[in-house]
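One structure is given here, and the rest of the page talks about it.
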Amino acid sequence: MSESASSATAITGAEIFCRSLQAEGVEVVFGYPGGAVLHIYDALYRQDKVSHVLVRHEQGAVHAAEGYAKSSYKPGVALVTSGPGATNAITGIADAYMDSVPLVVFTGQVPTSMIGNDAFQEVDTVGITRPCVKHNFLVKDVKDLATTIKKAFYVATTGRPGPVVVDIPKDVTADTCVFEYPESIHMRSYNPTTKGHTGQIRKAVDLILSAKQPMIYTGGGVILGRGSEALTEFTRQLGYPITNTLMGLGGYPASDKQFLGMLGMHGTYEANMAMHHADVLIAIGARFDDRVTGNIEKFCPHAKIVHVDVDPSSISKNVKVDVPIVGEVEPVLRELIKGLNEAGSKPDAEALATWWKQIAEWQAQDCLKYDQTSGLIKPQYVVQKFWELTEGDAYVTSDVGQHQMWAAQFYRFDKPNRWINSGGLGTMGVGLPFAMGVQFAHPEATVGCITGEASIQMCIQELSTCFQYQLPLKILNLNNRYLGMVRQWQEFFYQGRYAMSYMDALPDFVKLAEAYGHVGIQITQPGDVEGAIKEALAQKDRLVFMDFITDQSENVYPMIPAGAGQNEMILV
Amino acid sequence: MRHIISVLLENESGALSRVAGLFSARGYNIESLTVAPTDDPSLSRMTIVTSGSDEIVEQITKQLNKLIDVIKLLDMTAYPHIEREMALVKVRVPEAAEREEVKRLADIFRGRIIDVAHDSYVIEITGEGSKLDAFLVALDAFTVLEVVRSGVMGIARGDVALQI
Ligand SMILES: Cc1cc2nc3c(=O)[nH]c(=O)nc-3n(C[C@H](O)[C@H](O)[C@H](O)COP(=O)(O)OP(=O)(O)OC[C@H]3O[C@@H](n4cnc5c(N)ncnc54)[C@H](O)[C@@H]3O)c2cc1C
Ligand SMILES: Cc1ncc(C[n+]2csc(CCOP(=O)(O)OP(=O)(O)O)c2C)c(N)n1
Ligand SMILES: [Mg+2]
């Protein structure tokens with residue numbers, strides 16, 4: 001029965017912490033101990049329902065929690081100590097904030113009586129994290145602990161998801177009180193909207209059906225809001241073209257013929273051209289980021305815009321829209337489908353046929369083509385082979401840089417939650433810890449990490465965690481010996497002055513992998529790519545680090561230079 | 001355009017820094033900000049005077065609403081409303097003639113002298129910001145030792161009420 005009935009006796013804050021996590025159904029916590037959280041670690045040690053994963057750096061803990069959350073619809077949980085533990089966690093928290101990842105991060109704090117005294121390992125965690133959390137709490141009294149944890153999970157996972165930090169002073173974890181976990185929570189100041197406004201839905205249906213050159217543009221909100229099934233139904237019913245943002249990939253099956261690929265700075269020619277020429281734009285769970293819009297003045301000059309988003313502040317922030325709908329992607333899409341079914345008219349078949357003909361011409365540009373005859377390993381080829389050999393069914397994480405864009409362009413995601421990357425903050429170093437989190441959420445799945453020789457070094461220490469927990473990740477290091485994305489900008493916009501973008505003195509990645517207890521392979525010939533990936537996939541229970549020595553002059557195309565419009569792409 | 005926004009928020013430690021942090025992080029203007037608990041001690045009421053284009057002010061209200069501690073807000077610029085600000089002004093008045101003239105000015109502006117010292121007065125004055133400005137201009141001929149202004153408070157006229 002209720003938790004309180006079985007435990008009318010007082011227990012410590014640390015035990016309340018564990019019991020609360022159990023009540024939330026938390027299976028795994030990613031963390032790192034220290035003085036301020038020792039009571040909590042002791043309590044975790046003395047129970048067996050919530051398991052704990054010991055990372056090698058707190059940044060890794062938060063990214064692993066993100067990877068877990070992004071691939072599973074469950075909130076990620078991290079636990080770190082006060083002071084340096086908390087500051088090391090900041091990058092992960094900021095990353096989760098930018099990409100709306102539901103996380104609860106627990107930080108230890110110095111005892112309440114010492115707060116503000118510059119005590120040992122004290123930082124103002126609530127103050128430091130305030131600008132990069134959805135909300136945060138400092139728990140000053142053990143009696144508030146259970147309710148605060150309940151609120152933290154509620155806020156993190158509802159509405160537009162995001163990270164919530166709970167800062168717990170050490171004395172609060174030692175103090176005792178009776179444990180009672182609230183079954184539900186009501187916060188008068190927090191009531192996210194779920195259903196869309198009926199009148200707005202009607203207006204949207206009319207506008208959608210009036211389109212001659214429609215375009216559907218969807219983003220991370222479809223993934224976060226479990227909207228991909230409804231989106232697929234909606235899109236197929238209309239027969240309109242669709243594009244996904246970097247964060248929205250997998251929200252609509254990439255192998256479907258209505259899919260035009262990703263849009264934006266490194267999006268496809270056809271997606272960006274269709275955006276530019278659209279007369280009606282249907283934006284769903286996407287936030288008109290500047291990597292997508294290019295120059296706002298030149299963005300979708302002819303389109304009337306419908307925008308569905310759960311966060312009112314995402315609407316008309318960068319681009320003024322005509323029919324705003326505040327609500328969750330899934331229920332709103334269901335309402336839109338209903339509206340379409342009840343509407344007197346159908347999409348204009350003739351106009352649509354002409355529109356698709358135009359799109360086919362853009363597609364004929366074959367904007368993602370690359371040199372297949374090169375004697376050097378092309379990074380695109382590696383990703384394409386990985387996609388083929390995993391039958392498009394792996395979970396794929398990436399780091400940040402050129403390899404991230406090639407992963408997005410060449411691994412064609414047919415399902416949501418399969419593509420885990422850092423879009424908003426663009427954090428190098430996320431790839432490996434993301435992959436750990438994904439593997440914990442899906443122990444049996446194939447988890448690939450497509451990375452670069454620079455990014456992977458930013459959280460390389462987590463290879464040790466992978467060994468401890470026997471995570472059989474497949475790491476594909478697209479080693480171009482350059483901060484490739486930086487090098488590309490320097491080539492295009494700084495007349496080839498490659499300031500600090502050459503990665504000198506690289507480690508021997510094969511030996512490095514082996515030193516950590518894993519399998520390392522170096523691949524230098526295009527002809528060996530397929531064999532290496534096959535071999536890695538065959539090693540079901542080992543982490544395999546594939547170091548692909550790739551063509552270092554390769555660039556990501558297409559590219560919309562800063563300040564340009566979506567129709568002004570640099571092509572191969 | 002100038003906007004005056006009233007906000008009801010949880011009376012929790014940190015709520016004020018969330019609002020102040022929002023304005024600085026997003027580069028919004030704050031002309032003045034006042035805050036105090038209401039008759040319900042669990043609630044604070046804040047009045048923010050800001051300025052910006054319609055788009056910016058729309059974002060300001062959306063971003064404020066998004067803060068978890070914010071319960072409700074009202075952009076009073078859209079309604080008939082009353083604004084008041086208080087100032088406390090300390091003026092040097094060593095001579096009898098000066099004391100008389102300052103008293104006269106305070107009366108004209110419906111101010112009150114609330115402290116009399118050997119050679120200074122403290123005057124309390126309330127009204128719209130422009131009235132306080134005018135009063136300070138009127139005191140130009142004297143030595144003003146200190147001015148404290150409260151920042152603007154506002155309330156809508158008639159039936160419109162910001163309450164939960
Ligand atoms: C090197 C690099 C290059 C990049 N190049 C590109 C590029 O070419 N193209 C590109 O698209 N991006 C690119 N990005 C990513 C870019 O920076 C943004 O992160 C991305 O475009 C944002 O995606 P999104 O609009 O889907 O928003 P997200 O950040 O995924 O936000 C989701 C939106 O959906 C809303 N939402 C959340 N849940 C729900 C729900 N349940 N119901 C309704 N709404 C919901 C949120 O409020 C938010 O507005 C690049 C990033 C890097 C690092
Ligand atoms: C933490 C961090 N520092 C700096 C950057 C800027 N940056 C973006 S991409 C990139 C280069 C990444 O190099 P690599 O991992 O080798 O990937 P490549 O572009 O070569 O594929 C840099 C330095 C960043 N995104 N994150
Ligand atoms: Mg590189």
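Every chain is numbered from 1, with letters handed out A, B, ... down the list of sequences. Values in this document were obtained by computation on a predicted structure and should not be read as measured data.
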Contact origin within Ile315(A) toward chain B - heavy atom pairs under 4.5 Å =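 Contact with chain B: backbone and side chain both.
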Hey, is [atom1] on [X] packed in by over 12 heavy atoms from elsewhere, all under 6.0 Å?
X         : atom1 : result
Lys131(B) : NZ    : yes
Lys140(A) : NZ    : no
Leu425(A) : CG    : yes
Glu31(B)  : CD    : yes
Arg2(B)   : CZ    : yes
Lys90(B)  : NZ    : no
His81(B)  : NE2   : yes

Taking Tyr190(A) as the fixed residue, which of Asp69(B), Ile68(B), Ile71(B), Val70(B) is the one that meets the side-chain contact (heavy atoms from CB on, under 4.5 Å) rule?
->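 Among Asp69(B), Ile68(B), Ile71(B), Val70(B), the one that satisfies the side-chain contact (heavy atoms from CB on, under 4.5 Å) with Tyr190(A) is Ile68(B).
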Can you confirm whether [X] sits close enough to [Y] that some side-chain heavy atom of one is under 4.5 Å from a side-chain heavy atom of the other?
X         : Y         : value
Asn136(A) : Arg18(B)  : yes
Glu12(B)  : Ser189(A) : no
Lys66(B)  : Arg160(A) : yes

Find the distance between CG (Asn318(A)) and CD (Glu55(B)) and round it off to the nearest 0.5 Å.
->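 Asn318(A) atom CG to Glu55(B) atom CD measures 12.0 Å (nearest 0.5 Å).
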Report the distance from atom CZ of Arg130(A) to atom CG of Leu22(B), rounding to the nearest 0.5 Å.
->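 Nearest 0.5 Å value for the CZ-CG distance: 11.5 Å.
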Considering all heavy atoms of both residues, which atom of Gln59(B) and which atom of Ser313(A) are nearest to each other, and what is their separation?
->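 In this case the closest contact between Gln59(B) and Ser313(A) is NE2-O, 2.9 Å.
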Side chain, backbone, both or neither: which part of Ser42(B) has an atom under 4.5 Å from a heavy atom of chain A?
->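 Looking at Ser42(B), backbone and side chain both touch chain A.
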Check whether Ser13(B) gets within reach of chain A through its side chain, its backbone, both or neither, counting any heavy atom under 4.5 Å.
->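 Just its side chain gets close to chain A.
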